[in-house]
Amino acid sequence: MELSEILCGIVAVIVVLYYYLVSTFNFWKSRGVQGPQPIPGFGNLKDVLLAKVYLGDYVTKIYNEYKNEALIGIFSTKTPILIVKDLDLIKDVLIKDFTCFPDRGIPVTEKVEPLTQNLFTLEPKRWRPLRMKLSPVFTSGKLKEMFSLISECADCLVEHMEKIVSKSESVECRELTAKYTTDVIGSCAFGIEMNALSNKESEFRNMGKKIFTPTWKNLLRLRLRISFPKFYNKLGYILPQTEITKFFTRIVVETIDYRETNNIIRNDFVDKLRELKKHPDKLDDIDLTDFLIAAQAFVFFGAGFETSSTTISNALYELALNQNIQENLRKEIDEIYMKHGKDLTYDNINEMGYLNKIFKETLRKYPPVPVLMRKSISSYTFESPKVNIPQGQTIWIPVLAIHRNPNIYPKPDVFDPERFNEEAVQSRHFMSYLPFGDGPRNCIGARFAVYQTKLGLIKILRNYKIHTCDKTPVPYVIDPKMSLLLAPKGGIHLNIIKINRT
């Protein structure tokens, strides 16, 4: 074969590859949807895919650049993605026309990663009955039963802080609060003392780190799973199970078997899973494997400890920067203690209006999930503007961008709890605040997250003053490697000073 023929063959391959990579790039233009120019091979997410820019920051940038657009079209490699900006259209997607968008569109690759078949990512067929059966675990009545367990863990947090404070060193608060929320989840969901606060070698804390540590191996797995789910799932025939899969499957199966053998009933999350395992007929045609059961416990653990611990540390960060807000909150906490005594109840927490405002403002400024994802299960037409999308279309709802929109929240970089006084809340569109999502597929554990976060903050601020230090990150920089969750780069270091009460 002559050199010219080889060169022609190479050119032909390059041309074919190029046209393959750009073959969908007319998708949004043909529908009249504006958006940035994509790059072959990357689409619009090059810096996000290379972990140089945080997904939420990129979407916020695009959101602000296309100020007058209700819908924005972008591409992930060659896959079209629709960013929905208009709050009324967001309401349609999440609530009014939910039946068209019940899927998150996050691939479930159960052969290679069995724990992906959890309530957060499951397709609608399995999600609906599981959600219905697991929802009773998170009612206010159940939460009242768990409240003393959460309180005990918060007391252990205060005792642990006593040892840290005595060293007169700054504290990395994200790790500290992650240990607390790990212990809470262990006690309330698994009936297991995880001892993350007292034991540096806690298995559960180490597993928690492995779930969310943004290593290149984890990032590569995530990219393959999202971009090539069918190919990635086939790797399950040759790849061994991950350490995380083995650990959670073993823990859940052993815990259920132990309770069955010893006739232990706690009426907690594991007991609900145990009940489902004993009566699989209640879930129609779902194959209730050990992996499927373990996956539900896994997501409760992972989402439960990580998002709440980050929220507590973010709140402490803002309180350290805003001492007047911290003092006003401490005054409210002290008043509630004076009124009710040292043993607070579920209802006592609900009396703390200023704490509630601070909690909501923290989630406004730092929503744990920057983008809500949905996928259409049928073709759908948005009415204004009139845009038709096909079945299987990925939808992104830009939570972080909405929460930091100056037209909705003036001076969005300012931490202002009064944004959540009754009058201010009534003046805003109710889709302008989405830290837990909304509609039928909102966060099932929202109530639980609220109370473990609030109780942790109460016990900390009752006993300690929080200040900035030389290591405190100012300004706050979001870690670009944490593509799906908002977390600070380098952690949150603060000074903690004991309050001496006589």
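Atoms considered below: every heavy atom in the structure, side chains included; atoms not considered: hydrogens, waters and symmetry mates.
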Sidechain N-carboxylate O distance under 4.0 Å for R126, E110: yes

Quick check: are there more than 12 heavy atoms from other residues, nucleotides or ligands sitting under 6.0 Å from CG of N262? yes

Under 3.5 Å, is there a donor-acceptor pair between the side chain of R447 and the main chain of F138? yes

Separation between CD1 (I336) and CD (E351), nearest 0.5 Å, reads 4.5 Å

Evaluate whether atom OH of Y258 has more than 12 neighbouring non-hydrogen atoms of other residues, nucleotides or ligands under 6.0 angstrom away. no

Other residues, nucleotides and ligands only: do more than 12 of their heavy atoms fall within 6.0 Å of CD on E193? no

Flag, side chain of N463 to backbone of I460, donor-acceptor distance under 3.5 Å: no

F305-Y180 aromatic ring centre distance below 6.0 Å: no

Going by an N to O cut-off under 4.0 Å, is there a salt bridge joining K246 and E243? no

Which pairs, with at least one residue in residues 317-329 and sequence neighbours excluded, count as a salt bridge (Lys or Arg N to Asp or Glu O under 4.0 Å)? E318-K365, E327-R330

Testing F300, F147, F436, F269 one by one against F448 for a ring pair (Phe, Tyr, Trp, His ring centres under 6.0 Å), which residue passes? F300

Determine whether the aromatic ring centres of F359 and F420 lie less than 6.0 Å apart. no

Kindly check if the number of other-residue, nucleotide or ligand heavy atoms within 6.0 Å of CD (E254) is above 12? yes

Would you call I286 and L292 a side-chain contact if the rule is heavy atoms closer than 4.5 Å? yes

Qualifying residues under side chain to side chain contact (heavy atoms under 4.5 Å, CB included), relative to H493, sequence neighbours excluded: S170, E172, C469, K471

Stacked cation flag R104 on F120, 6.0 angstrom / 45 deg: yes

With rounding to the nearest 0.5 Å, note down the distance linking NZ in K179 to CZ in R205. 7.5 Å

Positive for side chain to side chain contact (heavy atoms under 4.5 Å, CB included) with M431, one of I397, D438, I402, V93: D438

Tell me whether R250 is salt-bridged to E203, with the criterion being a basic N under 4.0 Å from an acidic carboxylate O. yes

Donor-acceptor contact present, side-chain Q326 to main-chain L461, <3.5 Å: no

Checking T345 against N348: is there a side-chain donor and acceptor pair closer than 3.5 Å? yes

Given the options R259, R266, K277, D271 meets salt bridge (charged side-chain N to carboxylate O under 4.0 Å, His left out) only with R259

